[in-house]
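Notes to accompany the following structure.
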Amino acid sequence: MGLFDIFKKKKVDQENQSAEVEQQTTPESALSESEKQVTDADQNQPAEKSANVAATDQQNQPVAKDAADTRVSATADHDEAKHEPAEVVAENSKDEHDGDQSVATDHNQNQGQKQDQNEDQHQDKQSNQDVYDRGLKQSRNGFAERFNRFLANFRSVDENFFEELEDTLIGADLGFDLAIQISNQVREAVKVQNIKDKDQIRSLIIEQMVSQYEAQGQNEDQTMHFAPAGQPTVILFVGVNGVGKTTTVGKLASTYKKDGKKVLLAAADTFRAGAVKQLQEWGNRANVPVVAGPEKADPASVVYTAVERAKEEHYDVLFVDTAGRLQNNVNLMQELSKINRVVKKVLPDAPQEVLLVLDATTGQNALQQAKLFQDSSDVTGIVLTKMDGTAKGGIVFAIRDSLHLPVKWIGFGEKATDLSVFSAEDFVYGMFKDLV
Ligand SMILES: Nc1nc2c(ncn2[C@@H]2O[C@H](COP(=O)(O)OP(=O)(O)OP(=O)(O)O)[C@@H](O)[C@H]2O)c(=O)[nH]1
């Protein structure tokens with residue numbers, strides 16, 4: 001199933017769900033007059049009360065499970081790619097039993113666990129979507145407003161229409177090249193399908209955007225990479241100042257720590273006064289240690305100490321927060337490559353990830369920054385922060401189109417729990433659900 005089909009299915013599912021909720025929360029309206037009388041008389045319960053009970057029950061359904069849980073389990077999903085899946089472990093322990101009965105009991109337990117897991121996954125899926133829906137509110141509304149304004153002027157599919165479409169897409173931060181590509185595809189599809197109607201046009205444009213986005217991501221590896229068991233995984237965070245590197249390190253430290261990992265942080269941003277303290281505060285909150293040097297210490301020496309400690313003391317993950325600003329970009333890039341070399345001296349296969357942090361609110365500037373870092377360090381993925389603070393959101397499309405780097409994490413706020421594993425499905429749905 002393509003991404004647009006998944007989007008449409010989600011939309012239908014959610015509409016059905018909302019209809020069900022409406023029916024359950026207003027049972028009175030669903031009953032005929034005579035049924036109502038029987039129910040009221042027999043059960044001797046005021047109709048208003050039963051409606052309230054139904055509404056309360058609905059609230060008690062664990063639909064919107066705690067967002068923090070969602071993120072931790074999402075991280076666990078990532079880890080599963082590299083570690084033995086829980087199911088395999090369960091199978092192995094089953095083999096160790098002799099008697100048929102204990103196997104059967106184990107089997108039943110496994111079945112039960114599997115069912116629980118499926119239910120949990122379903123709930124996680126729903127609450128993950130909730131997180132995206134909330135975090136993308138500004139972008140969704142901003143895009144819808146732009147898009148509806150453009151369609152309000154719709155008369156016919158002529159050159160003017162395509163020019164306005166391109167302006168609309170550029171205005172939403174998709175970037176010039178992508179806007180032209182999508183416009184050309186819409187032009188082609190309009191011709192082939194002989195589309196004239198406004199609603200069909202609306203749906204077609206969203207479909208083309210989603211399809212184009214999907215097609216360009218075919219070869220992206222969105223998973224997080226980890227070192228083999230027994231060795232620390234080193235993850236470097238790079239990006240210009242103020243984009244949210246320290247905050248992201250803090251959020252991820254908290255996520256991985258909750259997930260049972262032994263986490264260490266390295267404060268290699270020794271340039272900005274206050275950066276070390278800021279990281280230490282995150283470390284305290286997440287209850288993970290922070291390796292820091294004296295003020296204005298050589299960042300590479302802080303990193304060296306941290307990597308050695310991570311190795312000696314068997315840490316699972318070391319997050320390295322780097323500086324976003326030096327006297328100039330050349331110095332910054334030189335420093336990053338020195339940090340890289342120092343890491344490799346202790347652990348030749350590290351760092352496993354170099355995550356470039358980009359601020360979604362800076363739009364096309366973020367892409368310029370990305371190109372700078374991409375040219376000089378081996379960036380493996382993007383963390384897109386402050387998605388909650390932009391009314392555009394098209395930057396996600398532009399990143400894929402012009403950088404071909406996977407967005408691995410997405411930030412929706414300043415709290416430790418405001419970071420999610422990036423999901424294209426949840427993103428696309430959160431962006432366009434009001435438009436199709
Ligand atoms: N709304 C919102 N704010 C964020 C998010 N991520 C980070 N911030 C805020 O962005 C500001 C800058 O974040 P930092 O983590 O200090 O950025 P940095 O990249 O480490 O900055 P330097 O140390 O100067 O390089 C802080 O006020 C954060 O709280 C996010 O996802 N949403």
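We're numbering straight along the sequence, starting at 1. Keep in mind that this is a model prediction, so the values were computed, not measured. Read the numbers this way: they start at 1 and go in the same order the structure lists the ligands and their atoms.
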Can you name the atoms of ligand 1, numbered from 1 with element, that are less than 4.0 Å from a heavy atom of [X]?
X	result
Gln278	14 (P), 15 (O), 16 (O)
Gly324	25 (O)
Gly411	31 (O)
Phe412	31 (O)

Practice task
Hey, can you tell me if Phe147 and Phe150 have their rings parallel, tilted or perpendicular (30° and 60° cut-offs)?
Solution key: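 Phe147 vs Phe150 ring planes: tilted.
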
Practice task
Could you label the plane-to-plane angle of the Phe427 and Phe422 rings as parallel, tilted or perpendicular, counting under 30° as parallel and over 60° as perpendicular?
Solution key: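 The rings of Phe427 and Phe422 sit tilted, inter-plane angle from 30° to 60°.
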
Locate the shortest heavy-atom distance separating [X] from [Y]; write the atom from each residue and the value.
X	Y	answer
Pro348	Val346	CD-O, 3.7 Å
Val291	Leu264	CG2-CD1, 4.0 Å
Ala266	Ala306	CB-CB, 3.6 Å
Ser423	Gln222	N-NE2, 4.5 Å

Handout entry: Proximity to ligand 1 by part of Asp388, non-hydrogen separation under 4.0 Å
Key =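 Only the side chain of Asp388 comes within reach of ligand 1.
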
What residue and atom, counting heavy atoms only, is the protein's closest point to [atom], and at what distance?
atom	answer
atom 24 (O) of ligand 1	Arg272 NE, 2.9 Å
atom 17 (O) of ligand 1	Gly244 N, 3.0 Å
atom 15 (O) of ligand 1	Thr247 OG1, 2.5 Å
atom 20 (O) of ligand 1	Thr246 OG1, 2.7 Å

Practice task
From atom 11 (C) of ligand 1, work out which of Lys415, Glu414, Lys386 has a heavy atom at the shortest distance.
Solution key: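 Among Lys415, Glu414, Lys386, the closest heavy atom to atom 11 (C) of ligand 1 comes from Lys386.
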
Looking only at N/O atoms, are [X] and ligand 1 under 3.5 Å apart anywhere?
X	value
Lys245	yes
Asp269	yes
Ala275	no

Exercise for the section: Would you check if the side chain of Asp316 reaches a backbone N or O of Lys262 as a donor-acceptor pair within less than 3.5 Å? Expected result: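 A pair under 3.5 Å: yes.
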
Exercise for the section: Taking the six-membered ring for Trp and the single ring otherwise, decide whether the centroids of Tyr429 and Tyr132 are under 6.0 Å apart. Expected result: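 Ring-ring flag for Tyr429/Tyr132: false, centres at least 6.0 Å apart.
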
Handout entry: Test of ring centre spacing under 6.0 Å for Phe319 and Phe237
Key =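 Yes, close enough.
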
Does [X] have a heavy atom less than 4.0 Å from any atom of ligand 1?
X	result
Met387	no
Gly413	yes
Gly242	yes

Exercise for the section: Give a yes/no verdict on a cation-pi contact between Arg187 and Phe162, requiring under 6.0 Å between NZ or CZ and the six-membered ring centre and an angle within 45° of the axis. Expected result: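 Checked: cation-pi criterion met.
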
